[in-house]
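Predicted model, so just to flag it, every value in this text is computed and none were measured. Every heavy atom of this structure was used, including side-chain atoms; hydrogens, water molecules and symmetry mates were not.
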Amino acid sequence: MSGATRRLAGYDLLALAGRGGMAEVWRATAREGPRAGQVVALKRLLPGLARDPEYVELFRREAAVTRRLHHPAVVEVLDAGVADGAPYLVMDYVDGRNLREVLAQCARRGILLPLDFGAYVGHVLAQALDHAHAGVDREGAPLGIVHCDVSPSNVFVSRLGEIK
């Protein structure tokens with residue numbers, strides 16, 4: 001990343017939204033082009049892993065496969081590239097909370113997640129996974145997607161009630 005303004009490629013990094021074992025996700029704003037001013041999520045391979053060809057290839061494949069998926073409940077990949085020596089993906093930003101945070105808030109309040117909302121989340125999640133598992137490449141060959149981390153921290157609930 002360059003400078004005090006925290007910029008990466010054509011994006012201003014606003015705040016770290018999350019960090020996992022392989023990547024960090026930033027809430028960012030596009031500085032230029034057709035998305036100028038749009039708030040996005042920028043997922044960047046951790047710098048230490050960006051020197052490992054296996055992790056770089058894994059991240060590259062994730063970007064290529066994810067770009068093939070277009071479904072209302074799947075976060076869409078808008079851009080991908082390499083900056084400051086690390087690959088990154090730019091995705092739709094989901095303004096809300098992940099399901100782990102929602103469940104933790106319910107626990108703090110001593111309530112259960114409402115049954116109808118839980119069923120709705122399960123239904124939407126099943127539709128999104130079905131879409132991913134049925135995905136094909138440009139030649140019609142199966143993408144062979146198996147989501148290896150279906151967990152509450154990877155299910156997002158927007159402030160408008162959308163599930164991604």
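Under the 4.5 Å side-chain heavy-atom criterion for grouping Ile, Leu, Val, Met, Phe, Trp and Tyr, Val74 is connected to Leu143 within one hydrophobic cluster. A chain of hydrophobic side-chain contacts below 4.5 Å, direct or via other Ile, Leu, Val, Met, Phe, Trp or Tyr residues, connects Met91 to Phe156.
In this structure, Val150 shares a hydrophobic cluster with Leu99, Val102, Leu103, Leu113, Phe117, Tyr120, Val121, Val124, Leu125, Leu129, Val155, Val157, Ile163, the cluster being traced through Ile, Leu, Val, Met, Phe, Trp and Tyr side chains under 4.5 angstrom apart.
When each of Val39, Val25, Leu14 is paired with Tyr93, the side-chain contact (heavy atoms from CB on, under 4.5 Å) condition holds for Val39 and for no other.
Minimum interatomic distance between Pro87 and Val56 (heavy atoms only, all atoms of both residues): CG-CG1, 4.4 Å.
Between Ile145 and Leu69, some side-chain heavy-atom pair lies under the 4.5 Å cut-off. The shortest side-chain heavy-atom distance between Leu58 and Met22 falls under the 4.5 Å cut-off. Looking only at side-chain heavy atoms (C-beta outward), Gln38 and Leu78 come within less than 4.5 Å of each other. Side-chain contact between Thr66 and Leu89 is absent, with no heavy atoms from C-beta onward closer than 4.5 Å. Counting heavy atoms from C-beta on, the side chains of Ile111 and Cys106 come closer than 4.5 Å.
To the nearest 0.5 angstrom, His131 atom NE2 is 9.5 Å from Arg68 atom CZ. Here Arg27 contributes atom CZ and Leu42 contributes atom CG; the two are 12.5 Å apart, rounded to the nearest 0.5 Å. Distance check, rounded to the nearest 0.5 Å: OH of Tyr88 to CG of Leu8 gives 6.5 Å. Between atom NE2 of residue His147 and atom NE2 of residue His133 there is a gap of 8.5 Å, rounded to the nearest 0.5 Å. Rounded to the nearest 0.5 angstrom, Asp12 CG and Arg6 CZ are separated by 11.0 Å.
Counting only N and O atoms by type, the side chains of Gln127 and His123 include a donor and acceptor under 3.5 Å apart.
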Cut-off 3.5 Å, no hydrogens considered: what does the side-chain donor-acceptor table look like for residues 28-37, sequence neighbours left out?
| residue | atom | partner | partner atom | Å |
| --- | --- | --- | --- | --- |
| Arg31 | NH1 | Ala9 | O | 3.4 |
| Arg31 | NH1 | Tyr11 | O | 3.3 |
| Arg31 | NH2 | Ala9 | O | 3.1 |

